[in-house]
Amino acid sequence: MSVIIKGARPYGEDAVDLLLTDGTITAIGDRLSSPGADVVDAAGLVALPGLVDLHTHLREPGREDAETVETGSRAAALGGFTAVHAMANTDPVADTAGVVEQVWRLGQEAGLVDVVPVGAVTVGLRGERLAELGAMADSAARVRVFSDDGHCVADPALMRRALEYVKAFDGVVAQHAEEPRLTVGAQMNEGERSARLGLGGWPAAAEEAVIARDVLLAGHVGARLHVCHVSTAGSVEILRWAKGRGVQVTAEVTPHHLLLTDECAETYDPVFKVNPPLRTEADVQALREGLADGTIDAVGTDHAPHAVEDKESEWAAARPGMLGLEQALSVVLETMVAPELLDWRGVADRMSVRPAAIGRLGSHGRPLAVGEPANLLLLDPAHRAAVDPAALASRSRNSPYAGRELPGRVVATFLRGQATVLDGKALK
Ligand SMILES: [Zn+2]
């Protein structure tokens with residue numbers, strides 16, 4: 001079975017046709033034809049490799065009222081993703097081969113993106129003893145990314161052992177960097193604003209101290225470390241220093257930390273409550289520069305759906321977290337492409353190539369070239385529209401972009417040559 005994409009602009013360059021056959025890009029050129037092929041008109045659309053998310057909360061098993069593997073997969077496909085890493089903080093926690101295989105199978109059944117389970121670092125995310133890392137790596141889910149995300153692996157000796165353990169099978173520990181003894185009662189970024197609003201402060205040092213400790217440990221052990229949702233200017237400086245010394249460290253930034261600041265807390269609208277919190281304008285600028293120069297490797301959505309009762313309450317009682325999959329690319333267009341901090345190849349690198357490499361996903365993050373897997377998206381960069389939370393595919397509604405006009409619309413997504421999204425609509 002074949003698809004011909006007519007007149008797409010790979011990486012924003014000259015318009016060409018692409019022929020997808022049996023899951024592979026089999027030809028790129030002018031006026032391609034193939035008997036019986038489906039034809040997709042892509043005039044004016046930018047073609048990019050399918051996006052890869054290192055940081056998605058799909059909530060299944062346990063909180064299917066907030067999201068399921070299927071609804072989250074649909075949101076991902078609509079956002080242009082072809083692979084997402086599903087975080088381990090489910091109920092039960094994904095800390096055994098059985099649970100990661102369950103999530104992996106649910107992803108296969110949904111069939112909209114490749115759902116790649118993340119394994120917990122410690123049993124029950126409790127930070128006391130290591131989970132069955134080797135069994136998860138050897139399972140059908142072939143786990144390579146391990147994270148207690150939502151919690152920090154705070155014990156340095158345990159973190160060191162985790163790094164030593166995953167090194168044996170080329171895994172990576174993805175750290176939620178938050179020194180818990182510095183964030184007791186934290187509600188928002190610590191500063192003049194938190195004092196004035198009367199909300200408990202989450203100091204930048206609580207993140208930076210853990211990142212500094214962990215890059216030293218990773219360097220000492222010679223293992224791979226990934227830092228989740230970097231949010232401060234100081235963290236970018238530490239990462240730059242560590243990379244300069246040859247430490248195998250990678251990092252991600254969320255779309256919301258590229259766009260929004262702690263000024264959002266002035267509304268007391270808990271949709272803006274997130275962990276780590278929204279920071280200052282100076283932090284936002286440093287994060288954009290860090291992503292532009294490659295100090296920060298990837299955009300990770302930290303898509304965190306929450307049911308209404310967990311989110312629509314007073315600020316202090318609300319759960320932290322925001323939706324991210326469906327608007328991630330639009331936010332990157334707004335914050336990185338419009339100000340010319342990244343070009344289209346840069347977007348492909350930070351949202352597909354590097355996250356796929358970090359997760360060791362061989363068939364994602366590949367170039368748009370003949371012989372490569374047909375995982376790609378088509379984007380209308382000229383489209384602008386206000387975000388309507390009611391129109392989202394996620395089961396939850398906690399989008400921080402509600403009512404905000406953003407550029408770009410994913411028109412189509414192809415997973416192994418099969419359309420998962422066409423005309424901006426999911427096909428399953
Ligand atoms: Zn986290």
Side-chain angles (χ1 to χ4, degrees), residues 5 8-13 18 20 23-25 28 42 45-56 73 75-86 107 112-116 118 144-145 172 174 226 228 250-255 258 291-303 324-333 335-337 341-381 408-421:
I5 299 171
R9 297 162 50 218
Y11 308 103
E13 293 157 15
L18 296 97
L20 319 180
T24 301
I25 301 173
I28 298 178
L45 304 183
V46 172
L48 294 174
L51 307 183
V52 176
D53 193 16
L54 283 164
H55 196 143
T56 306
S73 292
L78 286 163
F81 290 86
T82 51
V84 299
H85 287 77
L112 287 152
V113 292
D114 284 345
V115 173
V116 184
V118 173
R144 288 295 177 274
V145 181
V172 59
H226 178 72
C228 298
T250 57
E252 75 195 23
V253 60
T254 71
L258 288 171
L291 185 63
D293 71 18
T295 301
I296 298 173
D297 300 81
V299 175
T301 68
D302 197 3
H303 176 82
L325 287 169
E326 291 175 73
Q327 270 69 50
L329 185 51
S330 289
V331 172
V332 170
L333 296 196
T335 58
M336 301 297 295
V337 178
L341 289 166
L342 282 182
D343 59 13
W344 293 113
R345 284 191 184 267
V347 173
D349 185 71
R350 307 300 195 276
M351 297 189 79
S352 178
V353 177
R354 289 215 219 180
I358 292 164
R360 297 293 192 252
L361 306 182
S363 65
H364 292 273
R366 302 295 307 167
L368 296 175
V370 172
E372 296 288 354
N375 298 319
L376 63 138
L377 69 92
L378 300 174
L379 173 81
D380 177 0
R409 173 174 180 259
V410 173
V411 174
T413 308
F414 293 88
L415 175 65
R416 284 182 284 281
Q418 301 244 23
T420 54
V421 171

Can you find a pair of side-chain heavy atoms, one from [X] and one from [Y], that are under 4.5 Å apart?
X: D53; Y: P355; answer: no
X: M351; Y: L329; answer: yes
X: L20; Y: L376; answer: yes
X: F414; Y: L378; answer: yes
X: S73; Y: V115; answer: yes
X: T56; Y: F81; answer: no
X: R409; Y: L45; answer: no

Check your understanding: side-chain contact (heavy atoms from CB on, under 4.5 Å) with V253: which of I296, T295, V332, T335?
Key -> I296
Review point. If you look only at pairs with a residue in residues 410-421, which of them pass as a side chain to side chain donor-acceptor pair (under 3.5 Å), with sequence neighbours excluded?
Key: D114-R416
Spatial distance of atom [atom1] ([X]) from atom [atom2] ([Y]) [nearest 0.5 Å]:
X: M336; Y: L258; atom1: CE; atom2: CG; value: 6.5 Å
X: I5; Y: I25; atom1: CD1; atom2: CD1; value: 8.0 Å
X: L48; Y: N375; atom1: CG; atom2: CG; value: 13.0 Å
X: T82; Y: L112; atom1: OG1; atom2: CG; value: 12.0 Å
X: I358; Y: R144; atom1: CD1; atom2: CZ; value: 15.5 Å
X: H303; Y: T254; atom1: NE2; atom2: OG1; value: 13.5 Å

**Study point:** Any residue meeting side chain to side chain contact (heavy atoms under 4.5 Å, CB included) with P10, in chain and number order, not counting sequence neighbours
**Key:** V16, L368
Revision key, fill the gap. With sequence neighbours left out, the residues meeting side chain to side chain contact (heavy atoms under 4.5 Å, CB included) with V116 are H85, L361
What's the shortest heavy-atom distance between [X] and [Y], and which atoms?
X: V410; Y: L379; result: N-CD1, 4.0 Å
X: R350; Y: D297; result: CD-O, 3.2 Å
X: V52; Y: G365; result: CG2-N, 4.4 Å
X: W344; Y: Y11; result: CB-O, 3.3 Å
X: V84; Y: A76; result: CG1-CB, 3.7 Å
X: G50; Y: S352; result: O-OG, 2.8 Å

Exercise for review: For side-chain contact (heavy atoms from CB on, under 4.5 Å), just list the numbers for L341 and L291, CA-CA rounded to whole Å, side-chain angles, deciding distance to a tenth of an Å, and then say yes or no.
Suggested key: CA-CA 9 Å; L341 289 166; L291 185 63; over 6 Å; no
Practice item. Please assess L415 against H364 for the test side-chain contact (heavy atoms from CB on, under 4.5 Å), listing each intermediate value before the final yes or no. Key: CA-CA 10 Å; L415 175 65; H364 292 273; 4.0 Å; yes
